[in-house]
Amino acid sequence: MGNDNVTRAVRWFNEVWNERRSETIDELLAEGSVGETEAGILQGASDFKERVHGPFLSAFPDLKVTVEGTLAEGDDVVIRWRATGTHLGDGLGVKPTGLPIAIRGMTWQQFRDGKVVGGWDCWNQDGLMAQIRAAEGQGAIAENEVATS
């Protein structure tokens, strides 16, 4: 069963993030799923789509997530991942900066009957937000300088 869950976990990252297939969210998340994320507690597919998936793809439309490793035991799979992209949208409430980003993190997924019932994310969202907020200020200055030249 562990290998099937690893396959599902890798599929989640490839399809949900890299292929932007929101239908995979509906397929792989159990109805009563709970996720503990940097964005807070998420319940179910619609909460994940509204608070995480949509905003991140809006902010980083070229987001690419690479699974760097997995570890499985029973119904649990831990995924070590790396994400890269360019901050081109305001989905996170910060004006686009054009800043390239690269972040690493880990996600622990718990499966039951082939669906994710629980998830835990661990990565530095505050660090990412500080970077793009700092660049937002620099970008605004650069735009003003170009406008007055």
What distance do E38 atom CD and L128 atom CG have between them, rounded to the nearest 0.5 Å? 10.5 Å
Are L63 and W12 linked, directly or through intermediate hydrophobic residues, by side-chain heavy-atom contacts shorter than 4.5 Å (ILVMFWY only)? yes
Of all heavy-atom pairs linking L92 and P55, the shortest is CD2-CB, 4.0 Å
Taking every non-hydrogen atom, the tightest pair across V6 and A72: CG2-CB, 3.5 Å
Could you check whether any side-chain heavy atom of W17 comes within less than 4.5 Å of a side-chain heavy atom of L57, counting everything from C-beta outward? yes
Note: F48 and V16 closest approach over all heavy atoms is CE2-CG1, 4.1 Å
Do E136 side-chain atoms and K95 backbone N/O form a donor-acceptor pair below 3.5 Å? yes
Cluster overlap W81 with V10, hydrophobic side-chain contacts below 4.5 Å: yes
Salt-bridge test for E27 and R21: reply yes if a basic N is under 4.0 Å from a carboxylate O, no otherwise. no
Would you say W120 and M106 make side-chain contact, with heavy atoms under 4.5 Å? no
State, with a plain yes or no, whether a side-chain heavy atom of D26 is found less than 4.5 Å away from one of K49. yes
Atom CE of M129 and atom CD of Q131: how far apart are they, to the nearest 0.5 Å? 11.0 Å
Correct closest heavy-atom pair for A45 and I25 would be CB-CG2, 3.8 Å
Is it the case that one hydrophobic cluster holds both W123 and V94, taking links as side-chain heavy atoms less than 4.5 Å apart, direct or via other members? yes
Once rounded to the nearest 0.5 Å, what's the spacing between atom CG of L29 and atom CD of Q109? 8.0 Å
Tightest non-hydrogen contact, residues R51 and I41, listed as NH1-O, 2.9 Å
Write down the atom of A9, the atom of I79, and the distance for their closest heavy-atom approach. CB-CD1, 3.8 Å
Backbone of T66 reached by a side-chain donor or acceptor of R82 within 3.5 Å: no
Quick check on the hydrophobic clustering: are V77 and F13 connected, directly or via other members, by side-chain heavy-atom contacts under 4.5 Å? yes
Closer than 3.5 angstrom, by distance alone: can the side chain of H87 be matched with the main-chain N or O of I101 as a donor-acceptor pair? no
Within this structure, what is the NZ-CD distance for the pair K115 and E31, rounded to the nearest 0.5 Å? 9.5 Å
With a 3.5 Å cut-off and no angle check, do the side chains of R8 and N5 form a donor-acceptor pair? yes
Keeping N18 on the side-chain end and V65 on the backbone end, is there a donor-acceptor pair under 3.5 Å? yes
Nearest-0.5 Å distance, OG1 of residue T107 to CD of residue E36: 12.5 Å
Could you tell me whether a side-chain N or O of R80 sits under 3.5 Å from a main-chain N or O of L71, the two making a donor and an acceptor? no
Please round to the nearest 0.5 Å and tell me the distance separating atom CG of D47 and atom CG of L42. 5.0 Å
I103 with I132, same ILVMFWY side-chain cluster at under 4.5 Å: yes
Report yes or no: does R20 contribute a side-chain atom to a donor-acceptor pair with the main-chain N or O of P61 at less than 3.5 Å? yes
Measure the shortest side-chain to side-chain distance between F111 and V116 over non-hydrogen atoms and say whether it is less than 4.5 angstrom. yes
